Student: 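Dropping a structure here in structure tokens format, bear with me for questions.
These numbers come from a predicted model, not from an experiment. We count residues from 1, following the sequence as given.
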Amino acid sequence: MSARARAIKGRIKNVDNIRQITKAMNAIAMTKLTRMKRRLRMIQPWMGQLESCLAVLLAQAKEREISHPLTVDNGGDKVGIFVLNSDRGLCGRFKGELNWRAYDLMSELGGKRMIITGGEKARSFFVRHRADILQSYTNIYETPTAAVARQMATYLASLYRKGELGRVILVYMKFSSDLVQRTVTEELLPIKVKPVMQEAILEPNLSTLLDYTLSLYLESKLFSALVETKTSEHAIRRQAMKNATDNAEDMINTLTRRFNRARQQSITRELLDIMGGAEALQR
């Protein structure tokens with residue numbers, strides 16, 4: 001075998017090793033995606049019911065001229081931008097889209113803005129861009145939990161109540177289907193739900209119910225955003241690994257054809273050498 005054929009054979013082996021890795025990662029991402037889609041289907045009806053309940057409470061509060069700190073302007077002039085991202089790479093456009101959307105928003109808002117990062121990929125991005133990072137959540141929501149969402153909600157609500165932040169904007173990725181995911185920005189604080197007037201019996205009292213429901217709504221909103229973002233991440237990673245596997249297979253096919261040509265050329269040269277030697281012996 002010629003040196004060129006041996007080099008091509010080595011490349012085929014290397015590409016095949018990569019193909020096996022990307023194929024395995026595709027299978028893992030598919031399993032995680034299926035699990036996250038199941039969780040997302042359970043969360044969406046719950047969020048709809050919770051928002052409807054909150055709308056009724058806010059209508060009752062408006063009628064009785066009762067306000068809550070999380071629903072009114074606190075006079076703060078700083079804006080917190082909370083961007084949810086991944087702790088790991090190899091997920092195609094996912095991390096770049098989220099980071100740059102938050103960065104563009106930061107540029108639009110000017111000087112009075114603070115960054116809160118979710119995921120190592122967001123933290124490292126904004127460290128490189130020398131942004132004012134108020135808080136970082138890394139390696140804690142690979143599998144989103146209500147406890148993590150509660151931790152985030154408590155921290156953000158505390159900043160808002162103290163007036164340290166006048167607004168909190170959430171940047172995350174919304175999952176529509178395996179092939180469609182879009183980056184969205186939503187105002188998280190102050191909480192804005194349109195009041196809906198409806199007859200209701202309120203126990204024990206409106207202020208207690210409003211306080212509890214608003215806290216629960218903020219936690220649930222964050223938990224829903226975490227699950228949406230993680231579902232999108234797994235969908236994009238699965239597609240990226242599938243594309244990488246397909247590209248590796250195409251490359252293997254191309255290299256195999258080159259290897260066969262190189263081997264045929266080597267065999268042809270060896271035959272010509274043998275025939276030339278035979279003719280020399282005859283002469």
Student: Which residue in the set E233, H234, Q239 passes side chain to side chain contact (heavy atoms under 4.5 Å, CB included) when paired with L33?
Tutor: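 So the option named by the test is H234.
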Student: Rounded to the nearest 0.5 Å, how far does CG of D211 lie from CG of L57?
Tutor: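 If I round to the nearest 0.5 Å, the distance is 11.5 Å.
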Student: Do NZ/NE/NH1/NH2 and the carboxylate oxygens of R167 and D73 come within less than 4.0 Å?
Tutor: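 No.
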Student: Got a donor-acceptor contact below 3.5 angstrom from the S158 side chain to the T154 backbone?
Tutor: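 Not confirmed, S158 side chain does not pair with T154 backbone.
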Student: Taking only Lys NZ, Arg NE, NH1 and NH2, and the carboxylate oxygens of Asp or Glu, determine whether K192 and E187 approach each other closer than 4.0 Å.
Tutor: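 Result for this pair is yes, salt bridge flagged.
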Student: Hey, could you give me the CG/CE distance between L54 and M47, rounded to the nearest 0.5 Å?
Tutor: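 Going from CG on L54 over to CE on M47, the span is 9.5 Å.
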Student: Please round to the nearest 0.5 Å and tell me the distance separating atom OH of Y160 and atom CG of L70.
Tutor: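 Going from the OH atom of Y160 to the CG atom of L70 covers 7.5 Å.
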Student: Please determine whether a side-chain nitrogen of the Lys or Arg among D104 and R113 lies less than 4.0 Å from a carboxylate oxygen of the Asp or Glu.
Tutor: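 Salt bridge between D104 and R113, a charged N being under 4.0 Å from a carboxylate O: no.
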Student: Salt bridge or not between D16 and R19? Use side-chain N to carboxylate O under 4.0 Å.
Tutor: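 Between R19 and D16 there is a salt bridge, with a charged N closer than 4.0 Å to a carboxylate O.
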Student: For E228 and F175, indicate whether the former's side chain and the latter's backbone hold a donor-acceptor pair under 3.5 Å.
Tutor: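 Between the backbone of F175 and the side chain of E228 there is a qualifying donor-acceptor contact (under 3.5 Å).
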Student: Do the non-hydrogen side-chain atoms of L165 and V79 ever get within less than 4.5 Å of each other?
Tutor: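 L165 does not reach V79 side chain to side chain.
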Student: Using side-chain heavy atoms (C-beta onward) and a distance below 4.5 Å, is L156 in contact with L222?
Tutor: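 Of all side-chain heavy-atom pairs linking L222 with L156, at least one is under 4.5 Å.
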Student: Taking the six-membered ring for Trp, are F82 and Y137 parallel (under 30°), tilted (30 to 60°) or perpendicular (over 60°)?
Tutor: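 Tilted: the ring planes of F82 and Y137 meet at 30° to 60°.
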Student: Would you say R258's side chain and N253's backbone share a donor-acceptor pair under 3.5 angstrom?
Tutor: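 Checking the backbone N and O of N253 against the side chain of R258, no donor-acceptor pair under 3.5 Å is found.
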Student: Compare all side-chain heavy atoms of R93 with those of M173 and state whether any distance is below 4.5 angstrom.
Tutor: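 A side-chain contact exists here, since the closest heavy-atom pair is under 4.5 Å.
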Student: Is it the case that one hydrophobic cluster holds both V193 and I43, taking links as side-chain heavy atoms less than 4.5 Å apart, direct or via other members?
Tutor: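 They do share one cluster, since a chain of ILVMFWY contacts under 4.5 Å joins V193 to I43.
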Student: With side-chain contact (heavy atoms from CB on, under 4.5 Å) as the criterion, how do T22 and N247 come out once you've worked through the C-alpha distance, each side chain's angles and the decisive distance to 0.1 Å?
Tutor: CA-CA 10 Å; T22 56; N247 290 339; over 6 Å; no
Student: When you check the gap from the basic side-chain N to the acidic O, do K230 and E142 get nearer than 4.0 Å?
Tutor: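 Between E142 and K230 there is a salt bridge, with a charged N closer than 4.0 Å to a carboxylate O.
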